[in-house]
Asker: 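Attaching a single structure in structure tokens format; questions to follow.
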Amino acid sequence: MRGQPPTGAYAASIEITSVSVQLGDVIQIGGQPCRVADLIQMPAGAKRLFFETGEVLTLHARSQLIALRTMRKW
């Protein structure tokens, strides 16, 4: 992962599904943090996630993962 979160932001661990995943979410895969760089909607509610490092993951409609999401502090 490159860079630091923007000033005035904090990170929270959240449960994500194919419906709630967002660009910038960080998912730990095989002990390595991977930041979501692009998303493609797939049939049956799945999403294909493309990470900054080049890896690809298909998140099926019933899959649940824990991700780190950077949120702006108000």
Asker: When you group the ILVMFWY residues by side-chain heavy-atom contacts below 4.5 Å and let the links chain together, are Ile14 and Val21 in the same group?
Answerer: yes
Asker: Let me confirm one number: the CG-CD distance from Leu49 to Gln22, rounded to the nearest 0.5 Å.
Answerer: 12.0 Å
Asker: Would you please name every residue forming a side chain to side chain contact (heavy atoms under 4.5 Å, CB included) with Gln41, sequence neighbours left out?
Answerer: Lys47
Asker: Return the set of residues passing side chain to side chain contact (heavy atoms under 4.5 Å, CB included) with Val56 (not counting sequence neighbours), or none when no residue passes.
Answerer: Arg48, Phe50
Asker: Check whether any side-chain heavy atom of Ile27 sits under 4.5 Å from a side-chain heavy atom of Arg35, and report yes or no.
Answerer: no
Asker: Heavy atoms only: give me the nearest Ala46-His60 pair and the separation to one decimal.
Answerer: CB-CA, 3.9 Å
Asker: Indicate, with yes or no, if Leu39 and Met42 share a hydrophobic cluster defined by side-chain heavy-atom contacts under 4.5 Å among Ile, Leu, Val, Met, Phe, Trp and Tyr.
Answerer: no
Asker: Mind listing the closest non-hydrogen atom pair of Ala44 and Ala61 along with its distance?
Answerer: O-CB, 3.4 Å
Asker: Flag yes if Leu23 and Phe51 sit in one hydrophobic cluster, no otherwise; membership is Ile, Leu, Val, Met, Phe, Trp, Tyr, and two members link when side-chain heavy atoms are under 4.5 Å apart.
Answerer: yes
Asker: Indicate yes or no for a side-chain donor-acceptor contact from Ser18 to the backbone of Leu59 under 3.5 Å, with no hydrogens or angles considered.
Answerer: no
Asker: State the OG-CD1 distance between Ser63 and Ile16, to the nearest 0.5 angstrom.
Answerer: 9.5 Å
Asker: Rounded to the nearest 0.5 Å, how far does CG of Asp25 lie from CD1 of Ile66?
Answerer: 11.5 Å
